[in-house]
S.K.: 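Before we start, here is the structure in question, set down as structure tokens.
What you see is a predicted model; the values in this text were computed from it and never measured.
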Amino acid sequence: MRKALRWLLSLVLVIGAVGVAGAATAADRGTNTTASPTDTTDIKDRILAIPGMSLIQETPYEGYRFFVLNYTQPIDHRHPSKGTFQQRITLLHKDTSRPTVFFTGGYNVSTSPSRSEPTQIVDGNQVSMEYRYFTPSRPQPADWSKLDIWQAASDQHRIFTALKKIYPKKWLATGGSKGGMTATYFERFYPADMDGVVAYVAPNDVVNKEDSAYDTFLATVGTKECRDKLDAMQREALIRRGPLEKKYQDWAAQTGSTFSTVGTLDKAYEAVVLDYVWAFWQYSLLSDCASIPTAATASDQEIYDSIDAISGFSAYTDQGLEQYTPYYYQAGTQMGSPDIKQPYLGKLSRYGYQPPRNFVPRSIPMTFDPKVMPSVDNWVQHHADHMLFVYGQNDPWGSERFRLGKGARDSYVLTAPGANHGANVAGLVPDQKAKATARILDWAGVAPAAVQQDEAKAKPLTTFDAKLDRQKTEREPGLRP
């Protein structure tokens, strides 16, 4: 019943704008689910038989086969005849009789084997997608107007449609941060594809010009002692702008770093300093506050090193920005970005929080569309079905989050206490952890009978693997989800 309802809704959403990506009809879906579990053809040969699929490399891993692949995608899913590009994906293959998790981080894809948390929970296969326009998955030349959330969702839809013929069991979409946003947008545009969604720490900037929620969060997170310590470091870094910028200039000269995109070293320096408090809470825990220097007695080098370690002086160089041009483009055209006031800095701040336009080369045109995020938010509130959102209590990105309305069904928004941007199901309080795990198992069609009778008995179907199950949030410079 759920699939039938979601297919009808999907048809309404994408009618008139389907192109190649929307070509999966009800008949197609019926064909997809009849893949033979007794097919003895080698899995690599079956995958490479998909039109447009090519192998980059295969890496062995005990219990799995891991493939790095290229898949030919239309640059514009509405007009597929107007060119293609190669999109990089990976496949962690376990067995076609197991469910499959579709993961994306929303940026580049890792070419090393790994499992997302839902993959570990359901003991499944995992398909991971590199987000369009992150190199090497970028058309040449790049038409940046084709970088939007619908085109990216359509990339996922085509990959799913192609692989569903081989992996006929249930599918879940997942991702963290921008990847959690991506999983949500995929569900919004193609709600018939997935059997469930697990979105981690996904920001939801509904009204880009209204960001007071971030200010409220930063004024109350953690303890006053820690907040005051961080604020003082920011102020001191701006008070000592002269000598610290000299250190920054020396570093830039040594590394060949330049500042053409943002404009000047001074703008880049201030942008890094203004990210300091946000970046601390995004990646650190309250207990880490003890390692922050006391601003009044810290040396110039101690302040410089602390700012660099937490928010990263490489972030707003041309070289640091280049990899993330697709993110800043999307932030400045559809997704929105935080604008934090930080009144305690007073006139020490010359530029305030700079908009994404400042971090994208001027040769790339940008126009913000304020209708996109409200549309997604409204859809989630009224149509979310089999969706789980997990947030960290101390993560600034959760200040503006997805919320559920009366139309949501079997969907949940849960918060891990004390957690940062690396929040996950494992970090939830015990009853919520069991609930979330049980729902994930159920959506994937692999919930044991005992779990179906008592959700408190839910646990992952596989044991933790230190190499595959890397849940650590990597600290990156720059204010990005």
S.K.: May I ask you to check whether Tyr316 and Phe359 place their ring centers less than 6.0 Å from one another?
M.R.: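 Aromatic pair counts; centres sit under 6.0 Å.
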
S.K.: Just by modelled atom types, is the Ser154 backbone N or O under 3.5 Å from a matching donor or acceptor in the Tyr190 side chain?
M.R.: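 Such a contact is absent between Tyr190 side chain and Ser154 backbone.
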
S.K.: With Arg138 as the cation and Tyr133 as the aromatic partner, state whether NZ or CZ is under 6.0 Å from the six-membered ring centre and within 45° of the axis.
M.R.: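 Checked: cation-pi criterion not met.
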
S.K.: Does the side chain of Thr264 reach to within under 4.5 Å of the side chain of Lys267, using non-hydrogen atoms?
M.R.: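 Sidechains of Lys267 and Thr264: in contact.
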
S.K.: With a 4.0 Å cut-off, would you call Lys82 and Asp76 a salt bridge?
M.R.: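 A salt bridge is absent here (no side-chain N lies under 4.0 Å from a carboxylate O).
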
S.K.: Between Arg98 and Asp95, does any NZ, NE, NH1 or NH2 come within less than 4.0 Å of an OD or OE carboxylate oxygen?
M.R.: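 No.
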
S.K.: For Asp155 and His77, what are the C-alpha separation, side-chain angles and deciding distance, and is it a side chain to side chain donor-acceptor pair (under 3.5 Å)?
M.R.: CA-CA 8 Å; Asp155 290 340; His77 288 276; 2.6 Å; yes

S.K.: Just checking, Arg78 and Trp150: is the charged tip under 6.0 Å from the six-membered ring centre and within 45° of the axis?
M.R.: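 Verdict for Trp150: a cation-pi partner in Arg78.
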
S.K.: Can you find a pair of side-chain heavy atoms, one from His386 and one from Met194, that are under 4.5 Å apart?
M.R.: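 Answer no - side chains too far apart.
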
S.K.: Among Met53, Glu130, Gln73, whose side chain to side chain contact (heavy atoms under 4.5 Å, CB included) with Ile89 holds?
M.R.: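 Per the side chain to side chain contact (heavy atoms under 4.5 Å, CB included) rule, the option paired with Ile89 is Met53, out of Met53, Glu130, Gln73.
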
S.K.: Indicate the atoms forming the closest heavy-atom contact of Arg188 with Ser375, along with that distance.
M.R.: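 Looking at all heavy atoms of both residues, the closest pair is NH2-OG, 3.1 Å.
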
S.K.: To the nearest 0.5 Å, tell me how far Ile47 CD1 sits from Ser54 OG.
M.R.: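 If we round to the nearest 0.5 Å, Ile47:CD1 and Ser54:OG are 12.0 Å apart.
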
S.K.: Check whether any side-chain N or O of Asn208 sits under 3.5 Å from a backbone N or O of Pro370 as a donor-acceptor pair, and report yes or no.
M.R.: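 Flag not set: sc Asn208 to bb Pro370 has no pair under 3.5 Å.
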
S.K.: Ring centres under 6.0 Å, that's the criterion: do Tyr107 and Phe134 meet it?
M.R.: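 When the ring centroids of Tyr107 and Phe134 are compared, they turn out to be within the sub-6.0 Å range.
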
S.K.: Any chance you could lay out the side chain to side chain donor-acceptor pair (under 3.5 Å) test for Thr261 and Asp318, step after step, and finish with the verdict?
M.R.: CA-CA 6 Å; Thr261 299; Asp318 295 331; 3.3 Å; yes

S.K.: We want to know whether Glu210 and Ser212 form a side-chain donor-acceptor pair, criterion being a heavy-atom distance below 3.5 angstrom.
M.R.: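 Yes, Ser212 and Glu210 have a side-chain donor paired with an acceptor closer than 3.5 Å.
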
S.K.: Over 60° means perpendicular and under 30° means parallel, so classify the ring planes of His421 and Trp397, tilted if in between.
M.R.: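 The arrangement is tilted - the two ring planes meet at 30° to 60°.
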
S.K.: I'd like to know if the side chain of Ser337 pairs up with that of Tyr328 as donor and acceptor (distance under 3.5 Å, no hydrogens or angles considered).
M.R.: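 Per modelled atom types, Ser337 and Tyr328 side chains form no pair under 3.5 Å.
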
S.K.: Are more than 12 heavy atoms, taken from residues, nucleotides or ligands other than Glu62, located less than 6.0 Å from that residue's CD atom?
M.R.: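 Atom CD in Glu62 is not crowded, with 12 or fewer foreign heavy atoms closer than 6.0 Å.
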
S.K.: Closer than 3.5 angstrom, by distance alone: can the side chain of Ser110 be matched with the main-chain N or O of Ser112 as a donor-acceptor pair?
M.R.: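 Checking the backbone N and O of Ser112 against the side chain of Ser110, a donor-acceptor pair under 3.5 Å is found.
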
S.K.: Just so I know, are the side chains of Gln330 and Ile149 near enough to count as touching, which here means a heavy-atom distance under 4.5 Å?
M.R.: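 In short, these two side chains touch, coming nearer than 4.5 Å.
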
S.K.: If you define the side chain from C-beta out and look only at heavy atoms, does anything of Thr100 sit under 4.5 Å from Lys170?
M.R.: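 No. Closest side-chain heavy atoms not under 4.5 Å.
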
S.K.: Salt-bridged, Arg115 to Asp465, with N to O below 4.0 Å?
M.R.: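 Result for this pair is no, no salt bridge flagged.
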
S.K.: For atom NZ of Lys94, decide whether the heavy atoms of other residues, nucleotides or ligands shown that lie under 6.0 angstrom number more than 12.
M.R.: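 Counting neighbours around NZ of Lys94, more than 12 heavy atoms of other residues, nucleotides or ligands fall under 6.0 Å, so yes.
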
S.K.: I need the minimum non-hydrogen distance between Lys341 and Asp215, along with the two atoms involved.
M.R.: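 Closest pair (atom of Lys341, atom of Asp215, distance): N-OD1, 3.0 Å.
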
S.K.: To the nearest 0.5 Å, how far apart are OG1 in Thr119 and CG in Asp469?
M.R.: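 Atom-to-atom, Thr119:OG1 and Asp469:CG are 8.5 Å apart.
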
S.K.: Without hydrogens or angle criteria, can the side chains of Asp377 and Gln381 be said to hold a donor-acceptor pair below 3.5 Å?
M.R.: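 Indeed, the side chains of Asp377 and Gln381 share at least one donor-acceptor pair under 3.5 Å.
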
S.K.: Backbone N or O of Ile50 within a donor-acceptor pair of the Arg46 side chain at under 3.5 Å?
M.R.: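 Judged by distance alone, no pair lies under 3.5 Å.
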
S.K.: Look only at the side chain of Arg88 and the backbone of Gln86, and say whether a donor-acceptor pair between them is shorter than 3.5 Å.
M.R.: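 No; zero donor-acceptor contacts below 3.5 Å.
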
S.K.: Could you go step by step and tell me if Phe186 and His157 meet the side-chain contact (heavy atoms from CB on, under 4.5 Å) rule?
M.R.: CA-CA 8 Å; Phe186 179 29; His157 174 69; 4.2 Å; yes

S.K.: To the closest 0.5 Å, what do you measure between CE (Met181) and OH (Tyr131)?
M.R.: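 Between Met181 CE and Tyr131 OH, I get 8.5 Å after rounding to 0.5 Å.
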
S.K.: I'd like to know whether CD of Glu322 has more than 12 heavy-atom contacts from other residues, nucleotides or ligands below 6.0 angstrom.
M.R.: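 Atom CD in Glu322 is not crowded, with 12 or fewer foreign heavy atoms closer than 6.0 Å.
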
S.K.: Just wondering, do Arg158 and Tyr71 contact through their side chains at under 4.5 Å, heavy atoms?
M.R.: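 Touching, per the 4.5 Å side-chain cut-off.
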
S.K.: Go through it in stages, so that I can follow the logic: the residues are Gln87 and Ile159, the test is side-chain contact (heavy atoms from CB on, under 4.5 Å), and I'd like the CA-CA distance, side-chain angles, deciding distance and then a yes or no.
M.R.: CA-CA 10 Å; Gln87 184 168 40; Ile159 294 168; 3.7 Å; yes

S.K.: Check for a donor-acceptor pair, side chain of Thr174 on one end and backbone N or O of Val198 on the other, with a separation under 3.5 Å.
M.R.: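 Confirmed, Thr174 side chain pairs with Val198 backbone.
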
S.K.: To the nearest 0.5 angstrom, please state how far the CG atom of Leu388 sits from the CD atom of Gln432.
M.R.: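 So the gap between those two atoms works out to 10.0 Å.
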
S.K.: Set out, in order, the CA-CA distance, both residues' side-chain angles and the distance that settles side-chain contact (heavy atoms from CB on, under 4.5 Å) for Leu218 and Trp281, then state yes or no.
M.R.: CA-CA 9 Å; Leu218 292 172; Trp281 293 112; 4.1 Å; yes

S.K.: Under the side chain to side chain donor-acceptor pair (under 3.5 Å) criterion, do Ser314 and Gln319 qualify, and how do the steps go?
M.R.: CA-CA 8 Å; Ser314 65; Gln319 294 72 24; over 6 Å; no

S.K.: Is it the case that the side chains of Asp266 and Tyr351 hold a donor-acceptor pair, with the cut-off being a distance below 3.5 Å and no angle test?
M.R.: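 Yes - a donor-acceptor pair under 3.5 Å links their side chains.
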
S.K.: I'd like to know if the side chain of Thr437 reaches the main chain of Lys435, judged simply by a donor and an acceptor atom lying under 3.5 Å from each other, with no hydrogens or angles considered.
M.R.: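 Side chain of Thr437 to backbone of Lys435: no pair is present.
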
S.K.: Output the distance between atom OG (Ser311) and atom CG (Leu274), rounded to the nearest 0.5 Å.
M.R.: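 If I round to the nearest 0.5 Å, the distance is 9.5 Å.
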
S.K.: Which pair of non-hydrogen atoms, one from Pro396 and one from Asn394, has the smallest distance, and what is that distance?
M.R.: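 Minimum heavy-atom contact is CD-O, 3.6 Å.
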
S.K.: Check whether any side-chain heavy atom of Ser284 sits under 4.5 Å from a side-chain heavy atom of Asn420, and report yes or no.
M.R.: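 Of all side-chain heavy-atom pairs linking Asn420 with Ser284, none is under 4.5 Å.
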
S.K.: Would you say Thr255 and Trp251 make side-chain contact, with heavy atoms under 4.5 Å?
M.R.: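 In short, these two side chains touch, coming nearer than 4.5 Å.
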
S.K.: Looking only at the aromatic ring of each residue, does the gap between the centers of Tyr248 and Phe259 stay below 6.0 angstrom?
M.R.: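 Distance test on ring centres: under 6.0 Å, yes.
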
S.K.: Could you check whether Asp42 pairs with Arg65 (Lys NZ or Arg NE/NH1/NH2 to Asp/Glu carboxylate O, under 4.0 Å)?
M.R.: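 Judged by the 4.0 Å cut-off on N to carboxylate O distance, Asp42 and Arg65 do form a salt bridge.
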
S.K.: Side chain of Gln334, backbone of Leu147: donor and acceptor closer than 3.5 Å?
M.R.: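 A pair under 3.5 Å: no.
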
S.K.: So how far is it from Asn125 CG to Phe102 CZ, rounded to the nearest 0.5 Å?
M.R.: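 Asn125 atom CG to Phe102 atom CZ measures 13.0 Å (nearest 0.5 Å).
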
S.K.: Would you check, one step at a time, whether the test side-chain contact (heavy atoms from CB on, under 4.5 Å) holds for Phe389 with Leu404?
M.R.: CA-CA 10 Å; Phe389 296 91; Leu404 302 173; 4.3 Å; yes

S.K.: Over all heavy atoms of both residues, which pair between Pro99 and Ala444 is shortest? Give the atoms and the distance, please.
M.R.: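 The answer is CB-O, 3.8 Å.
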
S.K.: Tyr167 and His93: side-chain donor and acceptor closer than 3.5 Å?
M.R.: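 Short answer, yes.
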
S.K.: Any donor and acceptor pair, going by atom type alone, linking the side chain of Glu117 with main-chain N or O of Ala426 inside 3.5 Å?
M.R.: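 Flag set: sc Glu117 to bb Ala426 pair under 3.5 Å.
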
S.K.: Please tell me whether Phe66 and Tyr61 form a close aromatic pair, meaning their ring centres lie under 6.0 Å apart.
M.R.: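 Distance test on ring centres: not under 6.0 Å, no.
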
S.K.: Does the Ser177 side chain pair with the main chain of Pro481, one donor and one acceptor, at a distance under 3.5 Å?
M.R.: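 Indeed, once roles are kept as given, a pair shorter than 3.5 Å links the two residues.
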
S.K.: Is the distance between the ring centroids of Trp278 and Tyr214 less than 6.0 Å?
M.R.: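 Distance test on ring centres: under 6.0 Å, yes.
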
S.K.: Using the six-membered ring wherever Trp is involved, compare the ring planes of Trp144 and Tyr329 and label them parallel, tilted or perpendicular (cut-offs 30° and 60°).
M.R.: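 Geometry flag for Tyr329 against Trp144: tilted rings.
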
S.K.: Heavy atoms, side chains only, cut-off 4.5 Å: are Thr104 and Lys178 in contact?
M.R.: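 Not touching, per the 4.5 Å side-chain cut-off.
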
